[in-house]
Enquirer: 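Take a look at the following structure, please.
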Amino acid sequence: MSIVVTGATGALGRLAIEELLKRTGPGDLVAVARDRAKAADLAARGVEIKIADYGRPETLQGVFAAGDRVLFISGNEAGQRLTQHRAVIDAAREAGVGLLAYTSVLGGPTATFSIAEEHIATEQALLASGVPYCLLRNGWYHENYTGALATTLKIGAVVGSAGEGRVATAARRDYAEAAAIVLTGSGHENAVYELSGDTAWTMAEYAAEVSRQTGRKIPYNDLPPERYAALMVKAGVPALGAQMVADADAGIARGELAATPGDLSRLLGRPTTPIAESIADALKQLPA
């Protein structure tokens, strides 16, 4: 039996591997990636590497083994994910894995924004498969916002369509640590965790914190979703992705990503990382 992480060379996957290595030896881990070269550093640390692509079901054969505990990180190809996710679920069922922990979306079937649709359908497919599951319904990451700080400072404003809605973000590392705890712990079979930060904030509050830490006046400019999407497309974001981000902001405005049930901090055994801390860390990474 191994602990398997799919999408292991992505941002969340790498952090999950790091957290797992704190709790178990590299010989117990399998990292699944599409590109062996990108996983070379993990192989050098003793982690077994298996090459597979969600979009090529035949490559998933032999990736899992009976009893494996799997962190199934959702794909990032909008419109293709359900087909790809079903292929992973099928391979896991055929192998007889012991647990398939899927990174879903906060709120699950109650979420109405378009990004949630494929997650909801994947949850349904996973429950119907009979595979022992754990639904890690991740909220938004701090990095969804702090990752754009260079642009925010360049244009002198935070831009979005979230209105006065609140969003309960947490650091990506918080979600990765929770996943590692689930994969190395017990009693998580057929469990559902609504994972989010301890505090929900508005975009205006985020802009105020950026202002405080930079000493600059950074306002929040709230735009209609159509205008926000058009602005992202102009900046080089693919049209579908821009529409989905703007639609998610509309979901935030409706309160769909504001829940703070405390599941994440309970799993971690500590408070979640404050957004102010992640802003400070991101600012340190920017060129002087």
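Worth saying up front: this structure is predicted, and the values here are computed from it rather than measured.
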Enquirer: So, does Gln213 use its side chain to make a donor-acceptor pair with the main chain of Ala276 at under 3.5 Å?
Expert: yes

Enquirer: Working to the nearest 0.5 angstrom, can you tell me the gap between Leu99 CG and Cys134 SG?
Expert: 6.0 Å

Enquirer: So if I apply the side chain to side chain donor-acceptor pair (under 3.5 Å) rule between Ser104 and each of Arg137, Glu123, Glu118, Glu194, which one comes out positive?
Expert: Glu123

Enquirer: Asn138 side chain to Val105 main-chain N or O, any donor-acceptor pair under 3.5 Å?
Expert: no

Enquirer: Is the shortest side-chain N to carboxylate O distance from Glu177 to Arg172 below 4.0 Å?
Expert: no

Enquirer: Flag the pair Val32 / Val4 as yes when at least one side-chain heavy-atom distance between them is below 4.5 Å, and no otherwise.
Expert: yes

Enquirer: Is the shortest side-chain N to carboxylate O distance from Glu18 to Arg173 below 4.0 Å?
Expert: no

Enquirer: Working to the nearest 0.5 angstrom, can you tell me the gap between Thr202 OG1 and Glu164 CD?
Expert: 7.5 Å

Enquirer: Is the number of heavy atoms from other residues, nucleotides or ligands within 6.0 Å of CZ (Arg23) greater than 12?
Expert: yes

Enquirer: Would one find more than 12 heavy atoms of other residues, nucleotides or ligands at under 6.0 Å from atom CD of Glu94?
Expert: yes

Enquirer: Centre-to-centre under 6.0 Å for Trp201 and Tyr145, is that the case here?
Expert: yes

Enquirer: Any heavy-atom pair between the side chains of Ser265 and Leu268 that's under 4.5 Å?
Expert: no

Enquirer: Report yes if the side chains of Ile279 and Val210 come closer than 4.5 Å at any heavy-atom pair, otherwise no.
Expert: yes

Enquirer: Start with the C-alpha gap between Val30 and Val5, add the side-chain angles, then the distance that decides, and say whether side-chain contact (heavy atoms from CB on, under 4.5 Å) holds.
Expert: CA-CA 6 Å; Val30 174; Val5 178; over 6 Å; no

Enquirer: Can a donor-acceptor pair be found, under 3.5 Å and without considering hydrogens, that links the side chain of Ser211 to the backbone of Arg216?
Expert: yes

Enquirer: Compute the centroid of each ring, for Tyr175 and then for Tyr141, and state whether the two points are separated by less than 6.0 Å.
Expert: yes

Enquirer: Between Asp174 and Arg270, does any side-chain N to carboxylate O distance fall below 4.0 Å?
Expert: yes

Enquirer: Identify whether the distance between the nearest side-chain nitrogen and carboxylate oxygen of Arg166 and Glu256 falls below 4.0 Å.
Expert: no

Enquirer: Please determine whether residues Ile73 and Ile49 belong to a single hydrophobic cluster, defined as Ile, Leu, Val, Met, Phe, Trp and Tyr linked transitively by side-chain heavy-atom distances below 4.5 Å.
Expert: yes

Enquirer: How far apart are the C-alpha atoms of Arg81 and His119, what are their side-chain angles, what is the distance that settles it, and do they pass the side-chain contact (heavy atoms from CB on, under 4.5 Å) test?
Expert: CA-CA 8 Å; Arg81 284 183 287 194; His119 287 296; 4.2 Å; yes

Enquirer: Should Leu195 and Leu106 count as side-chain neighbours, where that means a heavy-atom distance under 4.5 Å?
Expert: no

Enquirer: Using the rule that two of Ile, Leu, Val, Met, Phe, Trp, Tyr join whenever any of their side-chain heavy atoms come within less than 4.5 Å, decide whether Leu71 and Leu21 are in one cluster.
Expert: yes

Enquirer: Can you list the steps and then say if Phe113 with Arg254 is a side-chain contact (heavy atoms from CB on, under 4.5 Å)?
Expert: CA-CA 10 Å; Phe113 47 91; Arg254 295 191 296 270; 4.3 Å; yes

Enquirer: Is the shortest heavy-atom distance from the side chain of Ile275 to the side chain of Thr146 under 4.5 Å?
Expert: yes

Enquirer: Donor-acceptor pair, Asp35 side chain versus Ala37 backbone, under 3.5 Å?
Expert: yes

Enquirer: Please check this pair: side chain of Lys50 against backbone of Gly62, looking for a donor-acceptor N/O pair closer than 3.5 Å.
Expert: yes

Enquirer: Which value, rounded to the nearest 0.5 Å, describes the distance between Thr214 atom OG1 and Glu209 atom CD?
Expert: 9.5 Å

Enquirer: Which atom pair, heavy atoms only, marks the closest approach of Ala246 to Ala229?
Expert: CB-CB, 4.0 Å

Enquirer: For residues Asp53 and Thr59, is any side-chain donor paired with an opposing acceptor at under 3.5 Å?
Expert: no

Enquirer: Under 3.5 Å, side chain of Glu19 to main-chain N/O of Ala16, donor-acceptor pair present?
Expert: no

Enquirer: Is there a side-chain contact between Ile3 and Asp68 (heavy atoms, below 4.5 Å)?
Expert: no

Enquirer: Applying the 4.5 Å side-chain criterion to the ILVMFWY set and letting contacts propagate, would Phe64 and Leu126 be lumped into a single cluster?
Expert: yes

Enquirer: For Asp247 versus Ser114, what's the shortest heavy-atom pair and its separation?
Expert: OD2-N, 2.6 Å

Enquirer: Give a yes or no on whether Leu12 and Leu20 share a hydrophobic cluster (residues Ile, Leu, Val, Met, Phe, Trp, Tyr; joining criterion: side-chain heavy atoms under 4.5 Å apart).
Expert: yes

Enquirer: How close do Leu136 and Ala179 get, heavy atom to heavy atom, and via which atoms?
Expert: CD1-CB, 4.0 Å

Enquirer: State the CG-OG1 distance between Asn144 and Thr169, to the nearest 0.5 angstrom.
Expert: 8.0 Å

Enquirer: Measure the spacing between CG of Leu267 and OG1 of Thr272 and express it to the nearest 0.5 Å.
Expert: 12.0 Å

Enquirer: For Val159 and Tyr220: C-alpha separation, side-chain torsions, deciding distance, then whether side-chain contact (heavy atoms from CB on, under 4.5 Å) applies.
Expert: CA-CA 6 Å; Val159 181; Tyr220 171 53; 5.8 Å; no

Enquirer: Tell me the closest heavy-atom pair linking Ser278 and Thr273, and the distance in Å.
Expert: OG-CG2, 3.9 Å

Enquirer: Counting only N and O atoms by type, is there a donor-acceptor contact under 3.5 Å from the side chain of Ser161 to the main-chain atoms of Leu223?
Expert: yes

Enquirer: Please report the closest heavy-atom contact between Val63 and Ala52, naming both atoms and the distance.
Expert: CG2-CB, 3.7 Å

Enquirer: Does Arg266 reach the main-chain N or O of Pro261 with its side chain, forming a donor-acceptor pair under 3.5 Å?
Expert: yes

Enquirer: Are the side chains of Ser74 and His85 in touch, meaning some heavy atoms are under 4.5 Å apart?
Expert: yes

Enquirer: Can you tell whether the side chains of Arg14 and Asp41 come within less than 4.0 Å, N to carboxylate O?
Expert: yes

Enquirer: Can you tell me how the ring of His188 sits relative to the ring of Tyr193, calling it parallel under 30°, perpendicular over 60° and tilted otherwise?
Expert: perpendicular

Enquirer: How close do Thr260 and Asp198 get, heavy atom to heavy atom, and via which atoms?
Expert: CG2-O, 3.7 Å

Enquirer: Taking the ring of Phe72 and the ring of Tyr54, is the distance between their centroids below 6.0 Å?
Expert: yes

Enquirer: Any link between Leu127 and Val131 through a network of hydrophobic side chains (Ile, Leu, Val, Met, Phe, Trp, Tyr) touching at under 4.5 Å?
Expert: yes

Enquirer: State whether the number of non-hydrogen atoms from other residues, nucleotides or ligands found under 6.0 Å of Arg34 atom CZ is greater than 12.
Expert: no

Enquirer: Using 0.5 Å steps for rounding, measure from the CD atom of Glu117 to the OG1 atom of Thr122.
Expert: 11.5 Å

Enquirer: Counting C-beta onward and ignoring hydrogens, is there a side-chain heavy-atom pair between Glu48 and Leu29 closer than 4.5 Å?
Expert: no

